[in-house]
Amino acid sequence: MSAAGLLITDKSIKAVKMAGKKPMLASVPIETGVLENGLVKDREKFKSAILRLPSQLALSKTDVILGLPEKHIFSKTITIKDHEIDFDEKIREELETYVPEGGQSYTDWQVSERSADFETIFVASAPASILDTYLEILEEASIMIVGIEPLAVALSRHLPKALPTSTPPKETNTSTKPQGKQAGPPVKEAAPEVKESQPTSTLLIALEGSDVLLTIISEKGRIELTSVLPAGNANDLSSEISNMRSFYDKKGGHTTIGRAYLTGEGATEELKNQIATHLSITSELLRIPDS
């Protein structure tokens, strides 16, 4: 069975389905007021928008992953040093601090790194007040959801692998011409000292609808930090990025941010260049190949 993805925001429903190696894309706008901060305010209009997705996508015959904007999801990376501790218990303790008392939610986790001394676990939790209604209406439209994931997780899988920033030069030998009996052995020139390239983290900036999602992803592909802010001017975005980067740097024990990628409807060449200048790092637009 083929796979598809669905992303719901207050302004649109977007879908992608793979037909062989070619992605089929579709977007249906949502009227203002149908969804407010993720909550369904007009059930019939919301269902009508879902049913307007192009019939050639055939989502009713497909396993669908539902992507949620990060502002509706609490996510956190936690480290557990005691292998004997119950994961579910530890995660429940962590969530008590962040999830409102009495608020029902769906929570899942996965081990992102394991060593002899600790496990690093990525935890994500979404409110039932949003998900229950989505799942009910999607089921009425014969769309079966088999999984739910944060937008940051989905986007992180499409990041290109980081390339080395420098390569140490090879040693070279320079021989002197013989000068009678005083000729010496070949002289080896010392290669210039070059620092080996270090792995770097990536800043991913997704500009979708009325929100901007900032995500720092480690060189191992692990989500380290996320931040969501309303879409505004470039100065506000630059200030938020600076604050986020400063907080990340103060955590210690990790790599520096060495590159940035922009994606989404609001990603432009102008903004990409502004980010590159502001951070003094390589910035590119992230595009999923589409034939």
Side-chain angles (χ1 to χ4, degrees), residues 7 9-12 14 37-38 67-79 98 112-113 120 122-126 149-166 197-288:
L7 174 64
T9 70
D10 287 358
K11 294 187 175 182
S12 67
K14 296 184 177 181
N37 199 27
L68 285 181
E70 208 74 24
K71 69 177 182 178
H72 301 318
I73 292 178
F74 164 75
S75 60
K76 185 181 182 184
T77 299
I78 63 176
T79 300
Y98 300 96
S112 58
E113 186 176 354
T120 300
F122 179 75
V123 182
S125 181
E149 69 178 3
L151 181 58
V153 174
L155 290 174
S156 67
R157 289 198 300 270
H158 295 285
L159 286 178
K161 291 183 179 180
L163 296 175
T165 56
S166 63
S197 59
Q198 298 295 323
T200 58
S201 299
T202 299
L203 173 64
L204 178 60
I205 306 170
L207 302 101
E208 195 69 47
S210 58
D211 298 307
V212 179
L213 168 64
L214 305 174
T215 305
I216 296 177
I217 301 168
S218 73
E219 76 282 3
K220 296 180 180 180
R222 189 177 74 193
I223 293 176
E224 299 281 2
L225 191 63
T226 59
S227 178
V228 182
L229 66 154
N233 61 49
N235 291 333
D236 292 337
L237 178 58
S238 296
S239 177
E240 179 66 19
I241 290 174
S242 295
N243 293 336
M244 187 177 183
R245 188 184 195 181
S246 176
F247 176 79
Y248 180 68
D249 288 342
K250 288 178 181 178
K251 288 176 62 178
H254 51 66
T255 57
T256 59
I257 298 174
R259 59 178 183 163
Y261 281 94
L262 285 76
T263 191
E265 296 172 343
T268 63
E269 286 284 345
E270 180 182 7
L271 182 59
K272 180 201 75 173
N273 294 334
Q274 290 177 355
I275 296 298
T277 301
H278 178 69
L279 296 180
S280 299
I281 59 176
T282 300
S283 295
E284 299 291 343
L285 296 178
L286 176 64
R287 295 188 175 99
I288 299 173

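Note that the numbering runs from 1 along the sequence shown for the chain.
- For the pair L207/E265, no side-chain contact is recorded, criterion being any heavy-atom separation below 4.5 Å from C-beta on.
- L285 places none of its side-chain heavy atoms less than 4.5 Å from the side chain of T263.
- A126 and L68 get closest at one heavy-atom pair: CB-CD1, 4.0 Å.
- Side-chain contact between V212 and V228 is absent, with no heavy-atom pair separated by less than 4.5 Å.
- In this structure, CD1 in I275 is found 11.0 Å from CD in E270, a value given to the nearest 0.5 Å.
- Considering NE2 of H72 and OG of S125, their distance stands at 13.5 Å, rounded to 0.5 Å.
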- Check against side-chain hydrogen bond (donor to acceptor under 3.5 Å, both in side chains), E224 and S201: CA-CA 9 Å; E224 299 281 2; S201 299; 5.8 Å; no

- Message: Go through it in stages, so that I can follow the logic: the residues are L225 and T215, the test is side chain to side chain contact (heavy atoms under 4.5 Å, CB included), and I'd like the CA-CA distance, side-chain angles, deciding distance and then a yes or no.
- Response: CA-CA 6 Å; L225 191 63; T215 305; over 6 Å; no

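- At a threshold of 4.5 Å between non-hydrogen side-chain atoms, the residues I205 and L271 do not count as touching.
- Looking at D10, its side chain does come within 3.5 Å of a backbone N or O of N37 through a donor-acceptor pair.
- The minimum heavy-atom distance linking T9 with P69 is given by the pair CG2-CG, 4.0 Å.
- Closest approach of S227 and E240 over heavy atoms only: OG-OE2, 2.9 Å.
- In terms of heavy-atom proximity, P230 sits nearest to D211 at CA-OD1, 4.3 Å.
- T256 and Y248 are not linked by any side-chain donor-acceptor pair at a separation below 3.5 angstrom, with hydrogens and angles left out of the test.
- Distance check, rounded to the nearest 0.5 Å: CD1 of I257 to OG1 of T200 gives 9.5 Å.
- Looking only at atom types and distance, the side chain of Q274 has no donor-acceptor partner in the side chain of S238 under 3.5 Å away.
- With 3.5 Å as the limit, one finds no donor-acceptor pair spanning the side chains of R259 and T282.
- For the 3.5 Å distance criterion, the side chains of H278 and S242 qualify, holding a donor opposite an acceptor.
- The shortest distance between side-chain heavy atoms of L286 and L159 falls below 4.5 Å.
- Between atom CD1 of residue I217 and atom CG of residue L155 there is a gap of 8.0 Å, rounded to the nearest 0.5 Å.
- In this structure the side chain of L262 never reaches within 4.5 angstrom of the side chain of L204, judged on heavy atoms.
- S246 contributes no side-chain N or O that, together with a main-chain N or O of N243, makes up a donor-acceptor pair within less than 3.5 Å.
- The CD1 atom of I216 lies 9.5 Å from the OG1 atom of T226; values are rounded to the nearest 0.5 Å.
- Here the closest heavy-atom approach between residue A152 and residue E70 is recorded as N-OE1, 3.2 Å.
- Put simply, the side chain of L203 does not reach to within 4.5 Å of the side chain of Y261, judged on heavy atoms.
- In this structure, K272 and T277 have side chains that are not in contact, with every pair of non-hydrogen atoms separated by 4.5 Å or more.
- The shortest non-hydrogen separation linking A124 to I73 is CB-CG2, 4.2 Å.
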- Show your working on salt bridge (Lys or Arg N to Asp or Glu O under 4.0 Å) between E149 and R157 and close with a plain yes or no. CA-CA 12 Å; E149 69 178 3; R157 289 198 300 270; 3.1 Å; yes

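- A 6.0 Å sphere centred on NZ of K71 holds more than 12 heavy atoms belonging to other residues, nucleotides or ligands.
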